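Quick notes on the structure that follows.
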Amino acid sequence: MKLVGIVGSNAEFSYNRILLNFIAKNFKKLVDVEVLDIKDVPMFNQSDDQTNSEVIQNLNNKIMQADGVIIATPEYNHSITSALQSVLEWLSFKIHPLDEKPVMIVGASYDVQGSSRSQLHLRQILDAPGVNAIVMPGNEFLLGEVYDAFDEDENLKDAQTAQFLETCIKKFIRFINVVKVIHAPEGMQDVSDTEDLYATGAIDTTVEGIDMSADDWLEQAAEATQAVEGNTYVKLNRGLLTVNQLNHFLNSMPAELTYADSNNQFLYYNHNMEKEDMLAGRRPEQVGSPLAECHPERVFSGVSWVIQQLRTGKQDVVRTQVPTHGPDKFVVHSYQAVRDDEDNYIGINEYVQDIQPIIDWYLEQTGQQLTGGGVDAVSGATSKVDTVAGATVKS
Amino acid sequence: MKKFLSILGTNSDYSTNRILLQFIQKHFADQADIEIFEIKHLPAFNKPEDKTAPQEVQKLADKIREADGVIISSPEYNHSVPAILKSTLEWLSYTNQALIDKPVMLTGASYGRLGSSRAQSHLRQMLDAPELKARIMPSSEFLIGYSLQAFDDNGTLKDQQKIEELEQIFNDFIHFVDITNQLVNANETHQKQAANFSWETN
Ligand SMILES: Cc1cc2nc3c(=O)[nH]c(=O)nc-3n(C[C@H](O)[C@H](O)[C@H](O)COP(=O)(O)O)c2cc1C
Ligand SMILES: Cc1cc2nc3c(=O)[nH]c(=O)nc-3n(C[C@H](O)[C@H](O)[C@H](O)COP(=O)(O)O)c2cc1C
């Protein structure tokens, strides 16, 4: 998910800039935040239209392409700064990039109340018809007495404050998803908000403190957990194999196997081929990523729907056929719920197979032939195929 | 005769708030000497390290100090006041704090029905901030809705009832200026305290 953070101050030194940089740095596991400065934006003047200037067009484009906007506002004389006001005037005059854009407000100021009054003003301004942003309600993040809030490394000194900020950011991610649902085209029900595809939560087995998106998540996580490998024995139900044997065994399966846990984190695939040669391409660096980062956004709703079926137990397996591999293949994606001994949903086993060779073998062995609608016999695909087709890993 | 400074809250070439201030200037010429100050030449505020006011800002501050009272007329931009007026107030609060204890009357004009009422409420809250601390005339402001249609070709308010309302408010303001200035003079310690307030040295 891509956000832009707008520094609501044009001062050379700004605590609100530090705050946004902190958010970008500290929560990059959750969101990708690009911090934008407004220092070079000219004073608004309706008699001297500079909408087409580079600096305003840059803001315009960045905002339009973002999923949401975080505005960090100081408080000047109980209101927002003239610099921020001017930006919002440009962005509501001839162009309207904030129209229906999810916005989260944060703010830092000297007063103990920490910009509470300017945040209120900002809400009212963002609500004006020319701006028409969708501001996340509640969750006011106010940083008062800001001159004392950051350490030398520009990190928030107070852990509780940082924790609350994280809660606000997570809520904003959900808020953005909810807004997407509200604004989805009529008739098509978007259910992407039913699943936390960004894996912002944690379960017992989540390896915490490691950037899920890191290319070497596996190496880092293995080190952190002191994971065994190689010829070390692992006791299984029921049997004893070395890690190497286990790897070779899984790699010999006639299917591409993928495991994502109930926190929607992609944890494993049986890596025995390069991405280009796979039916549903995966890259080694993707391991560890939240499911949201493995799929294009347009299929979030479909992915969420499938996971919900499994999580809630409505179905134990959801199958879908992906027809883009040509006539000599019949590629089926099966999403199988993984449950523990108490029948709790703990994750998803996606296995992708070309079942055509099996069908051919069956026909050959039994001397039977397919007639008419043919593949109906094996297609377990439901009417939901369309919703989930394409729910494959993004290249 | 009173001496008032009126501040036009916009940098726009064409402004119905300017027409309103010009009307006020003319209509009350026998009661007060009213100068209209244009803020469009002021640089944009950017919290400079040295807290000195640029020349244009100092000029405005001097005029405010010399005046018995100040009239601010503000358009409404996005339910608030234009950035250029905010910037002006930031300069005043950050440098010379010339508005402290100054009697202020608010007027406003907007194209829509509400006549900039939301901008006025923001403006009041701003003028009440510790570095501005103006003495705003309570519970009265003069607002003109549908301002594009409100004046005739000579810049005279078309609606006679509106003119009477304005006369009433202006009359109140003259009394308010007298009372406030007496009060302020009698209470100089308060003034000193307020004048010493600064966000940056707290
Ligand atoms: C003109 C001006 C007015 C200010 N008014 C307020 C105010 O009303 N409330 C407040 O808490 N701080 C006020 N401050 C102090 C700001 O909180 C402080 O400058 C803060 O550092 C601004 O955020 P920034 O560092 O991101 O620019 C004011 C500062 C200036 C320059
Ligand atoms: C960026 C921008 C935002 C505006 N927002 C508002 C608004 O929120 N409410 C309103 O009544 N008029 C709004 N207007 C329209 C008029 O400018 C406004 O009514 C103004 O008060 C007219 O004053 P003037 O004739 O002195 O410029 C907006 C204009 C601009 C350029």
Side-chain angles (χ1 to χ4, degrees), chain A residues 9-16 38-49 74-93 96 98 109-113 115-118 120-133 144-148, chain B residues 9-15 18 39-50 75-94 97 99 110-112 114 116-119 121-134 197-202:
Chain A
S9 165
N10 62 355
E12 277 304 322
F13 173 89
S14 160
Y15 287 110
N16 283 281
I38 61 170
K39 270 194 295 200
D40 301 324
V41 177
M43 173 60 74
F44 177 79
N45 186 335
Q46 66 173 4
S47 310
D48 179 14
D49 184 8
E75 179 165 300
Y76 279 6
N77 296 320
H78 292 178
S79 190
I80 65 171
T81 66
S82 56
L84 179 56
Q85 178 85 14
S86 173
V87 167
L88 294 171
E89 285 165 3
W90 286 121
L91 299 183
S92 61
F93 185 46
H96 306 270
L98 286 163
S109 83
Y110 282 5
D111 201 51
V112 274
Q113 293 199 38
S115 75
S116 65
R117 287 168 290 219
S118 68
L120 258 173
H121 276 200
L122 183 53
R123 272 175 197 278
Q124 290 163 344
I125 292 164
L126 291 171
D127 200 36
V131 186
N132 200 34
E145 298 177 322
V146 66
Y147 40 80
D148 213 21
Chain B
T10 178
N11 49 6
S12 172
D13 291 345
Y14 174 81
S15 159
R18 189 182 287 114
I39 57 178
K40 64 177 161 200
H41 307 296
L42 266 58
F45 179 76
N46 62 349
K47 196 173 156 185
E49 289 276 339
D50 68 341
E76 177 168 302
Y77 282 3
N78 295 327
H79 294 177
S80 190
V81 305
I84 184 74
L85 178 55
K86 276 203 163 114
S87 172
T88 304
L89 296 177
E90 286 161 4
W91 277 121
L92 293 174
S93 73
Y94 192 66
Q97 308 194 332
L99 274 171
S110 81
Y111 298 168
L114 297 178
S116 79
S117 63
R118 290 166 294 211
S121 104
H122 277 199
L123 188 51
R124 274 178 190 274
Q125 289 167 23
M126 293 169 68
L127 289 168
D128 206 32
E131 293 183 320
L132 287 168
K133 276 271 171 267
F197 184 90
S198 162
W199 287 108
E200 306 298 328
T201 54
N202 248 3

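Chain letters run A, B, ... following the sequence lines, proteins first and then strands; every chain starts at 1. Computed from a predicted structure; not experimentally measured. In what follows, every heavy atom counts, from backbone to side chain, and hydrogens, waters and symmetry copies are set aside.
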Inter-residue atom distance B:Asp13.CG - A:Asp48.CG, 0.5 Å rounding: 8.5 Å
Where does B:Pro82 contact chain A at under 4.5 Å (heavy atoms): side chain, backbone, both or neither? both
Sort out for me which of A:Ser109, A:Ser92, A:Gly130 touches chain B most, counting heavy-atom pairs under 4.5 Å. A:Ser92
When every non-hydrogen atom of A:His78 is compared with those of B:Ala129, the smallest separation belongs to CE1-CA, 3.6 Å
Exam field: side chain A:Glu89 to backbone B:Ala83, donor-acceptor pair closer than 3.5 Å: yes
Are any of the side-chain heavy atoms of B:Lys86 and A:Ile80 separated by less than 4.5 Å? yes
B:Asn11 side chain to A:Phe44 backbone, donor-acceptor under 3.5 Å: yes
Check: B:His79 and A:Pro129 side chains under 4.5 Å, non-hydrogen atoms: yes
Looking at A:Gln46 and B:Tyr14, what are the two nearest heavy atoms and their distance? NE2-O, 3.9 Å
Where do A:Ser82 and B:Phe45 come nearest, in terms of heavy atoms and distance? OG-CB, 4.3 Å
Any side-chain heavy-atom pair from B:Lys47 and A:Thr81 closer than 4.5 angstrom? no
Could you tell me which of A:Asn77, A:Ile125, A:Leu84, A:Leu88 has the largest number of non-hydrogen atom pairs under 4.5 Å with chain B? A:Asn77
Considering all heavy atoms of both residues, which atom of A:Met43 and which atom of B:Ala44 are nearest to each other, and what is their separation? CE-CB, 3.9 Å
Has the side chain of A:Gln124 got a donor or acceptor atom that lies under 3.5 Å from a matching backbone atom of B:Ser80? no
Inter-residue atom distance A:Arg117.CZ - B:His122.NE2, 0.5 Å rounding: 13.0 Å
CG-CG distance between A:Asp127 and B:Asn78, expressed to the nearest 0.5 angstrom: 10.5 Å
If you tally heavy-atom pairs under 4.5 Å against chain B, which of A:Ala11, A:Ser79, A:Ser118 wins? A:Ser79
In terms of heavy-atom contacts, does CD of A:Glu145 have more than 12 from other residues, nucleotides or ligands at under 6.0 Å? yes
